[in-house]
Amino acid sequence: MLRFAPSPTGDIHIWDLRVAIVNYLVAQQRNEPFLIRIEDGDKERNIEGKDTEIMQILEKFAIKHESVFHQSEHLHMHQTLAIRLLEEGKAFVCTCTEEELEAEREDAKKNNTAYRYSGRCHDVDKAEHAKLKESGTPFVIRIKKPEHDIVSHDLIQGDIVSTPAEVDSFVILRADGTPSYNFACACDDMISGVNFIIRGEAHLSDTPRQKHIKTQLAYDDETKYAHLPSLLNAEGKKMSESDDASTVQWMFEEGFIPDAILNYLLLLGNSHAPQEVFTLPEAIEWFKLENISTSPAQFDIEKLRFINRAHLKRIDDKRLSTLFGFADADIGKMAKLYLEEASTIKELEAKVRPIFSPKDFEDQWSKEMKLMRDIIADLPMINTFEEFESTMMKESGLNGEHFVKPLRLLLTGTEQGPELRDLYTYIKPYLLEVAS
Ligand code: GLU
Ligand code: ZN
């Protein structure tokens, strides 16, 4: 079982999407189910509607899931499991106040040492729990730190050893009775039978903690882990929310299509790909987590543009035309003529739209354009461009640039573009509309 566990706290970023895609791909390769868990544990940061938005984005990428649930639905189970650890002496109640903890953190900072929980409440009797609850004294539940090193084997990063001090006695249930991220995550993975976790490198330090939780809950943790390295922006800095190009929404607005984005995200950091342009079913054949480089991959918009163009060339003609409000394979074919100079849907649209928009009859060639428009209005449908061209020449009496330039402006709205001969094949059924 694999899973994607987004937090509904903001826009979905390309590194999140990359995690979703890789998880889905590996689930397909292993023929295992894939679930979505919306991690809505941080009530203050949750944004209404983001969960639906995430699901809609996944749908655009044809990422299919077995089931979907919100983490908060498991609150009762998380609480029960925390109490179980408490009763088994594997966790303890901690009544250290935020001020005390803050002072300890300050001390650590001053001494230039990593902050560790003092262990002050470590031996508080578990009977204390009932008393605290009764008296309404705030407390948290902390899991006791492990006794031995924890070794996390990561398919990309290799073996990582964490000492008991690094894992520390950390909070599993907060004062308001809600679970901490690590606890909710570990419990849910356990409950759902997730045995393969792929996520971003930012969660690398969470892994020993989550392994520790699962071990203490007597779960036989045979989970495989893979943490994907972070992405760098064009300046070589770690990509973050402040990078424009970082949200999936931005990519759609720029006119990148899902097949290309998916292709690009699977190619990032992967020097073993047999080719640069591929589909998901093709990648399923060769993709290996072990081949992902441990160093961060640089996000390269030019490469994405190249891949997008390649996928636009392959896209079904009629489907392409629907992106500009048509349902005509010929319009799709015509748009593809512009793929030498355009790489995104947005750029293609900027080329195709003027063809079907009212033309400017007030510029340098207005006289010639009006003349040709009137000729076209009375013309029967002509099949070949050669015949169309010679008829137009004869009827208008124009030639040279006095013929070519206004004709192009009349048919395309711009001075440059693919050969009129090639365009004509596809626009001839729309000639009256085009030449107006
Ligand atoms: N909810 C976490 C996030 O959005 C992911 C947790 C995980 O994959 O374990 O970063
Ligand atoms: Zn304490």
Side-chain angles (χ1 to χ4, degrees), residues 1-24 26 34-42 45-47 50-51 53-54 57-58 69-72 74 86 91-105 115-125 128-129 132 137-145 152 154 168-175 179-190 192 194-211 213-214 223-228 230 240-241 248:
M1 172 77 79
L2 286 94
R3 48 68 162 185
F4 174 52
S7 306
T9 52
D11 289 335
I12 178 154
H13 291 88
I14 53 171
W15 47 88
D16 305 318
L17 179 65
R18 183 182 184 216
V19 166
I21 291 170
V22 174
N23 268 296
Y24 180 61
V26 173
F34 173 66
L35 68 84
I36 314 273
R37 178 172 78 227
I38 307 283
E39 297 206 321
D40 58 345
D42 191 342
R45 292 185 55 226
N46 287 343
I47 299 175
K50 283 291 165 194
D51 46 359
E53 201 179 292
I54 292 169
I57 287 182
L58 296 180
F69 69 95
H70 286 71
Q71 189 154 57
S72 56
H74 284 180
L86 191 63
F92 58 94
V93 287
C94 164
T95 49
C96 295
T97 63
E98 199 34 58
E99 291 74 42
E100 286 166 333
L101 295 172
E102 190 48 40
E104 287 165 18
R105 280 195 280 264
Y115 166 74
R116 309 276 185 233
Y117 172 64
S118 67
R120 200 168 66 92
C121 311
H122 195 274
D123 297 316
V124 175
D125 193 297
E128 194 68 16
H129 180 223
L132 291 170
T137 313
F139 66 88
V140 299
I141 297 181
R142 287 177 185 269
I143 192 167
K144 288 184 180 168
K145 63 182 169 194
S152 314
D154 189 288
D168 211 359
S169 298
F170 59 94
V171 176
I172 56 172
L173 211 64
R174 302 185 191 112
S180 65
Y181 154 69
N182 275 311
F183 193 63
C185 186
C187 291
D188 283 350
D189 285 334
M190 187 180 89
S192 306
V194 171
N195 55 4
F196 204 140
I197 295 177
I198 303 168
R199 57 187 171 193
E201 202 175 56
H203 290 290
L204 203 52
S205 60
D206 296 324
T207 296
R209 296 210 165 111
Q210 294 175 12
K211 280 176 81 92
I213 292 166
K214 288 189 266 192
T223 309
K224 285 186 171 26
Y225 290 89
H227 289 84
L228 302 177
S230 44
S240 71
E241 277 83 356
V248 179

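Atoms within a ligand are numbered from 1 in the order they appear, just like the ligands themselves. The structure presented is a predicted model; accordingly, all values stated were derived computationally and were not measured. Excluded from the calculations below are hydrogen atoms, water molecules and symmetry mates; all remaining heavy atoms, backbone and side chain alike, are included.
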Colleague: Look at the N, O or S atoms of His122, main chain and side chain alike, and state whether any lies under 2.8 Å from the Zn ion (ligand 2).
Modeller: no

Colleague: Does a side-chain N-to-carboxylate-O contact under 4.0 Å join Glu98 and Arg105?
Modeller: yes

Colleague: Quick check: Phe139 with His129 (ring centres under 6.0 Å apart)?
Modeller: yes

Colleague: Is the gap between the ring centers of His203 and Tyr225 under 6.0 Å?
Modeller: no

Colleague: Students should be able to answer this: which protein heavy-atom is nearest to atom 5 (C) of ligand 1, and at what distance?
Modeller: Ala5 O, 3.2 Å

Colleague: Hey, what do you get for CG (Asp42) to OG (Ser7), rounding to the nearest 0.5 Å?
Modeller: 8.0 Å

Colleague: Under 4.0 Å, heavy atoms only, figure out whether ligand 1 is touched by the backbone of Phe4, its side chain, both or neither.
Modeller: neither

Colleague: Which atoms of ligand 1 have any heavy atom of Glu39 under 4.0 Å away?
Modeller: 1 (N), 2 (C), 5 (C), 6 (C)

Colleague: Return yes when Gln210 approaches ligand 1 closer than 4.0 angstrom through a heavy atom, no otherwise.
Modeller: no

Colleague: Taking Arg142 for the side chain and Ser169 for the main chain, is one N or O donor matched with an acceptor at less than 3.5 Å?
Modeller: yes

Colleague: Could you give the distance from NE2 (His227) to OG1 (Thr207), rounded to the nearest 0.5 Å?
Modeller: 3.0 Å

Colleague: Heavy-atom contacts under 4.0 Å between Gln71 and ligand 1: side chain, backbone, both, or neither?
Modeller: neither

Colleague: For ligand 1, which atoms, with element, lie under 4.0 Å from some heavy atom of Tyr181?
Modeller: 6 (C), 7 (C), 9 (O)

Colleague: Keeping the roles fixed (side chain from Asp168, backbone from Tyr117), state whether a donor-acceptor pair exists under 3.5 Å.
Modeller: yes

Colleague: To the nearest 10°, how many degrees is the angle Tyr117 OH to the Zn ion (ligand 2) to Cys96 SG?
Modeller: 120°

Colleague: I need the contact type for Cys185 against ligand 1. Using non-hydrogen atoms and a strict under-4.0 Å cut-off, is it side chain, backbone, both or neither?
Modeller: side chain

Colleague: Considering only heavy atoms of Arg3, which atoms of ligand 1 have at least one such atom less than 4.0 Å away?
Modeller: 7 (C), 8 (O), 9 (O)

Colleague: Quick one: does Asn195's side chain have a donor or acceptor within less than 3.5 Å of a partner on Met1's backbone?
Modeller: yes

Colleague: Is Thr95 close enough to the Zn ion (ligand 2) to have an N, O or S atom under 2.8 Å?
Modeller: no

Colleague: To which protein heavy atom is atom 4 (O) of ligand 1 closest, and what is the distance rounded to 0.1 Å?
Modeller: Ser7 OG, 3.2 Å

Colleague: For atom 10 (O) of ligand 1, find the nearest protein heavy atom and state the residue, atom name and distance (0.1 Å precision).
Modeller: His203 NE2, 2.8 Å

Colleague: Using a distance-only test with no angle check, is there a side-chain donor-acceptor pair under 3.5 angstrom linking Asn182 and Gln210?
Modeller: yes

Colleague: Which heavy atom of the protein is the closest neighbour of atom 9 (O) of ligand 1, given with residue, atom name and distance?
Modeller: Arg199 NH1, 2.7 Å

